Amino acid sequence: MKVCIHRGTNEIGGTCVEIESQGKRIVLDVGLPLDVVDASQFPLHPIKGFERPDPDLLAVIISHPHQDHYGLAYRLPKDTHFAIGKSAAAILEAAEIFTPAGVTLQNVTHLVDRTSFAFGPFSITPYLVDHSAFDSYAMHVEADGVTLFYSGDLRSHGRKGKLFQKLLRLPPRHVDVLLMEGTTIGRPNTEKGFPSETELEGKFVEIFKSTKGMPLVWCSGQNIDRIVSVLRACIKTNRTLILDMYTAHILRATGNVAILGACEKHAKVFLPLGQKRQIMRKERFDVSDLYKSHRIYDHELAAAATHSVMLFRPTMASEIEKLGCLDAARLIYSMWSGYLKDERQKPFLAWLKSHDIPLEECHTSGHASVADLIKLRNTFQRAPVVPIHTEQPARFEELFGNILRPVDGEWWDVAKINDNPEGTKP
């Protein structure tokens with residue numbers, strides 16, 4: 001079994017790993033790099049089967065529904081066989097109604113936790129993991145008598161943290177090489193760990209109680225754990241959660257009965273102008289009809305402000321301003337702080353200042369801390385570690401020992417890695 005990491009050995013995002021056995025191939029993730037604005041202009045990796053169909057490319061396996069792992073999938077040939085979680089696929093299909101980042105995948109095999117399946121000579125076992133993306137998986141791949149474990153993106157401090165503990169307690173029985181993400185290496189607090197979603201929920205409660213007007217929560221509409229934290233905080237403070245229709249439709253796509261039941265009781269759905277235009281342009285009135293009984297309309301927002309919390313994006317700023325619901329409001333930023341430093345956010349930050357809306361951060365990482373990565377690495381002690389999804393590959397040896405450092409585009413043989421004791425390159 002041979003491996004080529006086409007992208008990801010020294011950056012976060014754009015992950016793409018090709019694996020070959022007996023002339024057949026699979027690909028793990030086909031991500032869009034984080035700094036690419038136009039996916040249509042980014043060159044596809046030189047993988048046979050990406051530009052045009054190739055029978056030797058058996059499948060593209062998507063670990064989770066984040067663009068840096070699936071963002072180029074829509075450009076592959078229509079008959080490409082994909083493997084992805086059932087809810088993850090539904091989320092991407094739901095998103096396609098509202099955003100170019102969505103995609104409807106054809107010819108799909110659904111990943112099921114710890115249920116093995118085969119593509120040609122490959123036996124693949126998905127492991128459901130805790131991550132900020134819903135329905136995320138690590139992958140165990142076996143072929144030619146050797147095995148590889150790909151962590152995908154994972155953590156232990158989310159609402160599904162027990163999955164991380166289960167992985168440590170019940171890992172795959174044999175792993176020859178570990179492809180392990182290192183997103184948070186070099187970031188503040190990663191050595192000791194990050195706040196849990198439960199701790200964030202408590203902080204949201206405090207913020208909501210101390211806000212006289214309407215709290216505006218800026219978070220990803222696909223960060224289901226975070227939305228659940230906000231929703232639970234709303235319930236504890238007797239506030240109604242106002243979801244934009246895109247987020248409401250993403251929540252519906254998860255199929256999670258508990259979440260949908262809580263939304264039925266404690267949430268309303270607002271249709272921002274931009275999303276309304278998408279529904280009208282695509283004539284998807286069936287989608288807006290789903291939320292008729294739970295809609296909140298423009299003229300109702302001002303009166304609802306003091307007893308509601310709104311999921312918010314900067315694109316909604318001028319629209320919300322006109323509706324008169326910003327008195328004593330507060331913006332709670334719940335994403336990676338680095339995004340705020342982007343030059344493109346300056347106009348919005350100036351808008352907040354001009355309206356005397358304070359900004360407060362309330363966030364935790366979607367990725368494992370170094371402390372947890374060490375635990376994961378120790379679970380596979382005999383396996384060399386290959387850095388992936390990290391800007392700090394040079395620190396892997398210091399932190400984890402026994403590493404292998406291929407470069408992007410380089411092929412290496414899993415069966416031969418233990419013959420390379422220096423561990424810098426295969």
Side-chain angles (χ1 to χ4, degrees), residues 3-19 27-36 45 62-64 66-72 127 129-133 136-139 141 148-158 164 167 175 177-194 335-339 341 363-381 383-410 412 417 423-426:
V3 180
C4 177
I5 301 175
H6 288 278
R7 197 169 186 118
T9 62
N10 60 1
E11 70 178 296
I12 296 168
T15 305
C16 185
V17 182
E18 186 178 10
I19 305 176
V27 171
L28 304 179
D29 287 333
V30 57
L32 184 70
L34 295 176
D35 59 353
V36 174
H45 300 296
I62 306 296
S63 64
H64 64 277
H66 274 166
Q67 264 199 292
D68 62 330
H69 290 260
Y70 79 85
L72 294 173
Y127 284 73
V129 295
D130 180 30
H131 183 43
S132 55
S136 296
Y137 294 86
M139 304 290 166
V141 181
L148 172 152
F149 190 76
Y150 169 58
S151 73
D153 290 357
L154 79 180
R155 62 178 180 177
S156 74
H157 52 275
F164 185 81
L167 178 58
V175 171
V177 63
L178 171 63
L179 271 66
M180 188 173 74
E181 73 129 308
T183 310
T184 68
I185 296 174
R187 293 185 180 177
N189 302 316
T190 187
E191 305 288 345
K192 63 180 182 180
F194 300 113
M335 295 192 292
W336 179 52
S337 61
Y339 295 139
K341 299 173 184 176
H363 183 58
T364 193
S365 179
H367 298 267
S369 65
V370 164
D372 282 330
L373 290 175
I374 289 171
K375 293 177 184 177
L376 181 64
R377 193 277 169 276
N378 288 341
T379 300
F380 304 100
Q381 287 188 10
V385 179
V386 175
I388 195 167
H389 207 274
T390 182
E391 293 176 342
Q392 303 284 337
R395 292 200 59 200
F396 267 62
E397 187 169 10
E398 163 201 343
L399 293 167
F400 311 116
N402 188 19
I403 71 160
L404 203 66
R405 283 193 59 189
V407 298
D408 285 355
E410 180 179 19
W412 44 280
I417 58 175
T424 54
K425 288 181 67 176

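No experiment lies behind these values; they were computed from the predicted model shown. We number each residue from 1, following the sequence as shown.
The aromatic rings of His69 and His389 lie parallel to each other, with less than 30° between the two planes, well short of the 60° mark.
Atom CE of Met139 is separated from atom CG of Asp29 by 7.5 Å, given to the nearest 0.5 angstrom. In this structure, the separation between OG1 on Thr9 and CG on Asp408 is 3.5 Å, given to the nearest 0.5 Å.
Contact record, Met180 with Leu376: SD-CD2, 3.8 Å, taken as the closest heavy-atom pair. Ile12 and Leu34 make their closest contact through O-CD1, 3.3 Å (heavy atoms, listed as atom of the first residue, atom of the second, distance). Residues Ile388 and Phe396 come closest through the heavy atom pair N-CZ, 4.5 Å. The two residues Ile5 and Gly8 have their closest heavy-atom pair at CG2-N, 4.1 Å. Pairing each heavy atom of Glu181 with each of Leu154, the nearest pair is OE2-N, 3.0 Å. Nearest heavy-atom pair across Arg377 and Leu178 is CA-CD2, 4.2 Å.
Distance alone, capped at 3.5 Å, places no donor-acceptor pair between the Ser63 side chain and the Ala138 backbone. Remark: the backbone N or O of Val370 is paired with a side-chain donor or acceptor of Thr190 at under 3.5 angstrom. Of the possible polar contacts, one joining the His131 side chain to the Gly366 backbone as a donor-acceptor pair under 3.5 Å is found. No side-chain donor-acceptor contact under 3.5 Å links Asp130 to the backbone of Phe164. In this structure, the side chain of Ser136 engages the main chain of Ala133 through a donor-acceptor pair within 3.5 Å.
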Report task. Apply the test side-chain hydrogen bond (donor to acceptor under 3.5 Å, both in side chains) to residues Ser156 and Asp372: give CA-CA distance (whole Å), side-chain angles for both, the deciding distance (0.1 Å), then the verdict. Result -> CA-CA 7 Å; Ser156 74; Asp372 282 330; 2.3 Å; yes
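The ring-ring contact (aromatic ring centres under 6.0 Å, His included) search around His157 returns Phe194, not counting sequence neighbours. With sequence neighbours left out, Arg7 forms a salt bridge (Lys or Arg N to Asp or Glu O under 4.0 Å) with Glu11.
Exactly one of Glu398, Glu397, Arg395 qualifies for a side chain to side chain contact (heavy atoms under 4.5 Å, CB included) with Ile403. That residue is Glu397.
Within the 4.5 Å cutoff, the side chain of Tyr150 has no heavy atoms near those of the Ile19 side chain. Inter-residue side-chain proximity for Ile185 and Leu399 is flagged as met; some heavy-atom pair is nearer than 4.5 Å.
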